[in-house]
Amino acid sequence: MHRLRALLIVTPLILISCVPSGHRPPPVRRPVPVRPAPARPAYDAAARRQCLSDLSADGARYTLLPDRVFAGGCSAIGTVQLSDIGMPVSNLGAMTCPLADAFTRWTRDATQKAAIAWLDSPVVKIESFGTYSCRPVNGVEGNRLSEHGLSNAVDISGFVLANGRRITVLNDWNGPDQYARNFLRAVHDAGCRRFHVVLGPDANAFHRNHLHFDMGRGPYCR
Ligand SMILES: [Zn+2]
């Protein structure tokens with residue numbers, strides 16, 4: 001009975017969390033079976049404290065989120081809600097601390113350096129498709145659970161510059177402006193030095209409109 005009651009309570013939360021927002025890639029409108037995620041090293045209390053300390057030192061403001069475990073192997077364990085990393089980022093939800101810290105440093109260092117180098121204008125806003133989403137890899141039934149289901153991944157779709165220009169992965173990765181192409185490849189490659197797994201338009205068609213960054217098993221950079 002207790003299990004049933006717990007399921008009844010968490011199911012609406014999952015449904016809410018899985019509702020696609022904005023231009024999210026292939027939507028998943030119903031629960032999709034997934035293979036269990038492989039076991040990973042324990043993320044203990046000391047590691048959590050160290051990560052939160054690093055996150056503060058890197059200039060991020062955040063709130064701690066309560067640990068939550070959902071059906072289908074999905075969870076938000078040891079996660080934070082970033083509230084200020086120096087510029088607005090749309091659609092950020094629960095992120096594991098290591099993901100939040102890598103993302104903060106990538107935003108602060110890599111994106112600005114690349115924007116100044118290639119586009120002569122700093123980034124003032126980053127657009128994302130979100131973080132937590134309980135679904136299999138690429139939204140394909142039967143695939144293992146996506147790192148998004150563990151709050152351990154973020155999808156970046158675009159950048160707004162101080163001069164008003166908007167660069168998107170969808171339009172500019174293979175677009176006519178070589179400088180915009182160089183900028184996107186620079187932030188992609190910088191992601192490969194900070195995140196465990198990076199997937200972009202060259203990985204597969206599922207990623208034609210965003211850069212996927214996660215802190216799962218890697219390294220993998222494509
Ligand atoms: Zn993703």
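First listed ligand is number 1; within each ligand, the first listed atom is number 1. Numbering of residues begins at 1 and proceeds along the displayed sequence. Everything numeric here is computed off the predicted structure, so don't read it as measured data.
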Report task. Indicate if the distance from the Zn ion (ligand 1) to the nearest N, O or S atom of His148 falls below 2.8 Å. Result -> yes
Query raised in the report: Measuring to the Zn ion (ligand 1), does Asp155 have an N/O/S atom at a distance below 2.8 Å?
Result: yes
**Report entry** Any donor-acceptor N or O pair under 3.5 Å, side chains Asp214, His212
**Finding:**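 There is such a pair between these side chains.
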Query raised in the report: With clusters built from Ile, Leu, Val, Met, Phe, Trp and Tyr whose side-chain heavy atoms come within less than 4.5 Å, directly or transitively, what are the remaining members of the cluster of Val124, listed by chain and number?
Result: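 For the cluster that includes Val124, the remaining residues are Val160.
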Report summary line: Nearest heavy-atom approach of Gln81 to Leu92 is NE2-O, 3.0 Å
Query raised in the report: Closest to the Zn ion (ligand 1), which N/O/S atom of His212 is it?
Result: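 Considering only N, O and S atoms, His212 comes nearest to the Zn ion (ligand 1) through ND1.
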**Report entry** Mutual orientation of the aromatic rings belonging to Phe159 and Phe183 [parallel < 30°, tilted 30-60°, perpendicular > 60°]
**Finding:**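 Answer is perpendicular, since the angle exceeds 60°.
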